[in-house]
Peer 1: 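Following this message is one structure expressed as structure tokens.
Reminder, nothing fancy here: chain letters follow the sequence lines and each chain counts from 1. What you see is a predicted model, and the numbers here were worked out from it, not measured in a lab.
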Amino acid sequence: MSLLSVKITKRALHLVLFELLFVSLQPIFQKKTRVMQKNLVIVESPAKAKTIEKFLGKEYKVMSSYGHVRDLKSKEFSVDIEHGYVPKYVVPTDKKKLVSELKSFADKAECVWLASDEDREGEAISWHLSEVLKLKPELTKRIVFHEITKSAILKAIENPRDIDINLVNAQQARRVLDRIVGFELSPILWRKIKPSLSAGRVQSVSVRLIVEQERQINKFKAKASYRVIANFLLPDGTTILKAELTKRLKDLEEANAFLNSCIKAQFKISDIQKKPVKKSPAAPFTTSTLQQEAARKLGFSVGQTMMVAQHLYEAGLITYMRTDSVNLSNLALATAKETVHNEYGENYYNFRQYHTKSKGAQEAHEAIRPTYIDNATITKGTAQEKRLYELIRKRTLASQMADAQLERTTLTVTAEGINERFTAVGEVMVFDGFLKLYRESSDDEEDNDKESGLLPKVSLSEILEMQEITATERFTQRPSRYTEASLVRRMEELGIGRPSTYAPIIQTIQKRGYVIKGDKEGVERSYHVLALSKTGEIKESLNTETTGNDRNKLMPTDIGLVVNDFLMQYFPSVLEYNFTANVEKDFDRIAEGKSKWNASIDKFYKVFHPMVDKTLAIKTEHKVGERLLGTDPKSNKPVYVKIGRYGPVAQIGDSVDKNGEKNAEKPRFSPLMEGQSIETLELEEAIRLFDLPRTVGMFEDQEMTAAVGRFGPYIKFQGKYVSIPKTSSAMAITEEEAIELIKDKRKKDKERLIKQFDEEPEIQILNGRFGPYISFKKKNYKIPKTIEDPKTLSLEDCQKIIKEAGEKPVRKSTTRRTKKK
DNA sequence: CAGTGAGCGAGCTTCCGCTTGACTT
């Protein structure tokens with residue numbers, strides 16, 4: 001009772017205060033609070049809502065739906081296969097509050113304007129909104145705009161339309177198809193390969209790309225040839241002209257013969273060709289190209305780029321970052337023109353309009369550009385945000401700048417009696433144009449530093465003195481592994497995935513363990529060099545180089561390989577690179593009203609589902625991907641490698657014998673070590689795995705053992721575990737190294753403890769990954785940001801923090817679902 | 001997260017596309 005009364009008085013006090021404030025501020029306040037907002041506009045993003053509200057004025061309330069407000073249930077199939085594939089939609093729990101807020105405003109409004117994006121998903125969002133909020137058709141208007149400018153929005157308001165149910169149906173077809181594929185394929189993988197795996201229209205094809213690239217690399221055989229480069233001395237006696245033989249020579253013998261033929265030859269300039277070359281700027285950024293350039297120029301991961309871009313967008317500095325459009329608004333074009341004029345001069349300007357080439361683009365937004373193009377830099381924000389902003393601005397401006405004009409000169413050097421010719425190519429910039437501001441990078445590192453500069457002045461028929469000619473053995477390049485960004489580019493080419501999903505999909509395929517992002521050590525290889533000196537001697541040498549060194553590249557794991565091979569065998573049609581492109585054609589027909597969405601799904605399901613049944617019915621004696629390596633000479637038992645419940649393992653022995661009788665001895669298992677693969681592991685290596693756990697040595701009169709566990713190789717000592725770093729392994733680690741590791745770990749543990757209390761040893765203040773925290777009875781508690789030095793906390797302070805944290809509802813326990821019978 | 005894995009067996013996992021925070025140890 002007393003609590004309640006306090007509350008009431010407090011509330012009353014607030015009211016009085018508010019009244020006072022209100023009266024004093026009335027002239028300013030009145031308009032905003034008194035005028036009932038007749039119009040409710042709903043957009044997808046809150047940042048957009050904020051901007052638009054400013055354009056529309058006081059009669060419009062603008063709210064955000066935060067994307068979709070309704071979806072299929074996340075844990076149930078939710079598609080009624082027997083009755084026309086009717087989807088069962090629900091409002092997800094974390095959207096309930098938002099939906100009820102939207103509803104209360106919608107109920108009060110005289111008109112609700114559904115302003116979600118103009119694409120399939122956007123149309124569906126509007127439809128779901130109208131369903132969930134029970135909007136009255138006569139009071140509901142659907143509007144669209146592609147750019148967030150006042151004129152575009154006012155124009156949209158003047159031209160409302162109805163919800164396009166055909167487009168909505170195309171989205172439902174997309175949604176239902178993805179659910180069917182994902183929720184029918186994944187359980188097959190759980191049963192046949194490993195629990196918790198997943199398959200889907202987009203992720204499985206992405207994994208396939210990486211798997212096939214890796215296999216191409218494994219299959220690849222480098223072909224050698226000889227590249228010949230000559231240094232000629234010009235008649236002035238000092239200038240060197242470097243020229244390359246246009247043909248590559250087949251082998252050492254041919255190279256030798258060629259160099260021999262050059263000994264007495266008299267070289268001269270036999271041709272000079274000049275021709276103008278122009279270079280044009282790249283189109284403004286889309287999500288995909290931004291991710292690629294930010295990776296190349298700034299070293300950002302795809303996820304990082306999106307996070308930084310999101311911040312820029314929320315701060316109102318750039319336009320929307322999830323887009324497939326290269327289009328710039330008229331306003332943007334006009335300011336770009338003005339900025340180029342002001343900063344570089346009129347001759348640097350060139351009006352350009354770009355068109356999207358990528359498959360399945362829906363172009364609901366503008367290209368990614370600065371909101372205010374004239375702002376060269378941003379003053380607030382992190383270093384990353386500043387760098388990304390400048391990249392976006394340069395790209396945008398450059399896209400409206402003049403071509404670069406170059407003059408390319410090709411000199412040809414020949415000699416009597418020699419059939420082949422040497423050429424030297426030089427480029428001279430006549431007009432830099434857009435290159436003054438921005439140059440697009442290439443994935444091929446050689447491209448990026450292939451700067452051919454100015455050639456020395458020569459005249460036709462000039463005689464050259466040969467200084468040196470070298471023939472160097474060069475090899476053809478193996479295909480390159482995908483980076484996150486180059487995978488996105490390939491996905492976009494194939495039309496799989498959308499700007500909003502590129503980053504999450506890449507995360508998913510790594511989380512499932514199909515793919516890892518990592519480094520690959522290169523291998524040494526030797527190559528021949530033949531050098532002809534001006535005195536006519538030919539010297540041969542053998543040099544070495546490292547090749548195939550890779551950093552931060554995507555590589556398939558054993559699980560990825562096995563899952564991919566399995567899906568390729570039983571569901572080749574879904575794994576087809578153009579599966580998505582083909583179903584998109586269906587969706588387009590649905591959107592045009594030319595076909596029924598559930599008929600289209602039915603056509604697919606009638607073919608797809610029997611494949612599912614057939615695959616499930618197959619009884620195999622061995623696990624998918626299992627390989628018999630041979631027999632263990634010690635036990636005379638078979639040795640296998642396969643995907644176990646926790647990943648790749650080697651196995652000695654079977655649980656049952658040939659007659660199906662249970663063996664007395666259980667099989668033994670050992671996880672594979674880093675760098676090993678079930679595809680390539682050999683018998684001896686597999687048997688050696690069973691040497692673990694092995695005794696490494698003694699420390700403080702106790703035994704240290706080494707083994708490989710769930711989290712990699714470790715040392716076990718006194719019942720405690722210490723991880724072995726990548727520089728060593730469970731097999732190789734020595735007694736001394738192990739002792740060093742244990743000492744290190746002890747020191748770190750000591751540093752971890754900031755403070756402890758004698759009265760209550762269970763409370764500890766520890767240093768963790770995210771800074772100091774309090775640990776009590778196996779649970780962790782955050783220290784409030786107001787505390788500067790955690791050392792100063794007293795026992796009472798800590799107990800208070802624990803108590804207060806304990807009162808807050810724990811999310812985990814509330815999300816537990818009640819189970820069905 | 002904790003150093004396992006042939007089975008007595010519950011219940012769980014999973015898709016793609018829209019959107020942001022809240023929170024982590």
Side-chain angles (χ1 to χ4, degrees), chain A residues 43-48 64-72 74-79 94-95 98 116-117 119-122 124-125 128 171 174-191 194-204 307 310 313-314 320 322 362 364 496-502 504-505 508 512 580 642-647 649 651 653-656 662-663 666-671 692-693 705 707-716 720-721 723 730 752 766-775 779-783 811 817 819-820:
Chain A
V43 295
E44 290 180 37
S45 141
K48 207 190 222 183
S64 162
S65 74
Y66 292 78
H68 277 292
V69 291
R70 218 165 57 147
D71 192 12
L72 302 177
S74 66
K75 315 220 166 194
E76 281 172 33
F77 198 76
S78 304
V79 175
D94 58 335
K95 284 285 177 75
L98 169 76
S116 50
D117 299 342
D119 58 13
R120 208 159 60 200
E121 297 297 327
I125 288 173
H128 281 302
Q171 192 273 348
R174 199 279 305 156
R175 184 68 191 91
V176 167
L177 177 87
D178 283 339
R179 173 52 64 94
I180 291 173
V181 171
F183 274 44
E184 293 211 353
L185 286 186
S186 300
I188 304 177
L189 300 181
W190 307 341
R191 273 181 54 179
K194 186 171 119 63
S196 306
L197 293 178
S198 64
R201 172 177 58 84
V202 175
Q203 58 168 283
S204 297
M307 212 169 68
Q310 175 90 30
Y313 168 67
E314 281 168 12
Y320 198 56
R322 290 184 276 259
Q362 307 200 7
I496 64 170
R498 302 277 314 129
S500 67
T501 60
Y502 295 139
I505 291 279
T508 300
R512 299 273 175 271
T580 291
K642 64 178 191 185
I643 302 290
R645 192 142 47 114
Y646 305 110
V649 283
Q651 174 184 345
D654 291 299
S655 60
V656 288
K662 211 169 133 184
N663 277 332
K666 278 188 184 179
R668 295 169 65 207
F669 296 91
S670 174
L692 296 177
T705 54
V708 180
R710 168 94 171 79
F711 310 106
Y714 64 90
I715 293 286
K716 192 175 177 186
K720 281 190 177 164
Y721 299 91
S723 293
R752 208 164 78 97
L766 299 173
N767 221 339
R769 196 150 51 108
F770 303 100
Y773 66 100
I774 297 168
S775 161
K779 275 185 148 183
N780 300 317
Y781 302 89
K782 213 165 57 170
I783 294 172
R811 268 199 312 144
R817 297 180 325 116
K819 74 177 177 83
K820 295 190 296 183

Peer 1: Both A:Ile505 and A:Tyr66 contact DNA chain B. Which one's nearest nucleotide lies toward the 5' end?
Peer 2: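 Upstream on the strand: A:Ile505.
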Peer 1: Side-chain N or O of A:Arg498 versus OP1/OP2 of B:dC18: is the shortest distance under 4.0 Å?
Peer 2: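 Checking A:Arg498 against B:dC18: at least one side-chain N or O falls below 4.0 Å of OP1 or OP2.
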Peer 1: Below 4.0 angstrom from OP1 or OP2 of B:dC15, is there any side-chain N or O of A:Arg512?
Peer 2: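 The answer is yes; a side-chain N or O of A:Arg512 sits under 4.0 Å from OP1 or OP2.
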Peer 1: Between B:dA2 atom C1' and A:Tyr646 atom OH, what is the distance in whole Å?
Peer 2: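 Distance check: A:Tyr646 OH to B:dA2 C1' gives 11 Å.
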Peer 1: Quote, to the nearest angstrom, the C1' distance that separates B:dG9 from B:dG5.
Peer 2: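 One C1' to the other, the span is 16 Å.
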Peer 1: Can you tell me if A:Lys720 touches the phosphate of B:dA2, counting only side-chain N or O atoms and a distance under 4.0 Å to OP1 or OP2?
Peer 2: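 Result: no.
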Peer 1: Between B:dT25 and B:dT4, how far is it from one P atom to the other, in whole Å?
Peer 2: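 Here B:dT25 and B:dT4 have their P atoms 24 Å from each other.
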Peer 1: Look at A:Lys75 and B:dT13 and indicate whether a side-chain polar atom (N or O) is within less than 4.0 Å of OP1 or OP2.
Peer 2: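 It does, given that an N or O in the side chain of A:Lys75 lies less than 4.0 Å from OP1 or OP2 of B:dT13.
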Peer 1: When rounded to the nearest Å, what value does the distance between C1' atoms of B:dC1 and B:dT24 take?
Peer 2: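 Comparing C1' positions in B:dC1 and B:dT24 gives a spacing of 14 Å.
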Peer 1: Dot-bracket for DNA chain B: what is it, with Watson-Crick or G-U pairs under 3.5 Å, [ ] where a pair crosses earlier ones, and | for a pair to another strand?
Peer 2: .........................
Peer 1: Using a cut-off of strictly less than 4.0 Å, decide whether A:Ser45 has a side-chain nitrogen or oxygen near OP1 or OP2 of B:dT19.
Peer 2: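 No, no such contact exists.
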Peer 1: Tell whether A:Ser196 reaches the base of B:dT13 with its side chain through a donor-acceptor pair below 3.5 angstrom.
Peer 2: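 Answer yes: a donor N or O sits under 3.5 Å from an acceptor.
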Peer 1: Below 4.0 angstrom from OP1 or OP2 of B:dG5, is there any side-chain N or O of A:Gln651?
Peer 2: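 Answer is no, no contact under 4.0 Å.
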Peer 1: Partners of A:His68 by ring pair (Phe, Tyr, Trp, His ring centres under 6.0 Å), sequence neighbours excluded?
Peer 2: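 Counting only residues at least two positions away or on another chain, A:His68 forms no ring pair (Phe, Tyr, Trp, His ring centres under 6.0 Å).
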Peer 1: Which value, in whole Å, describes the distance between the P atoms of nucleotides B:dT19 and B:dC23?
Peer 2: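 Their P atoms lie roughly 24 Å apart.
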Peer 1: Please determine whether a side-chain nitrogen or oxygen atom of A:Thr501 lies at a distance below 4.0 Å from atom OP1 or OP2 of B:dG17.
Peer 2: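 So the side chain of A:Thr501 is within the cut-off, an N or O lying under 4.0 Å from OP1 or OP2 of B:dG17.
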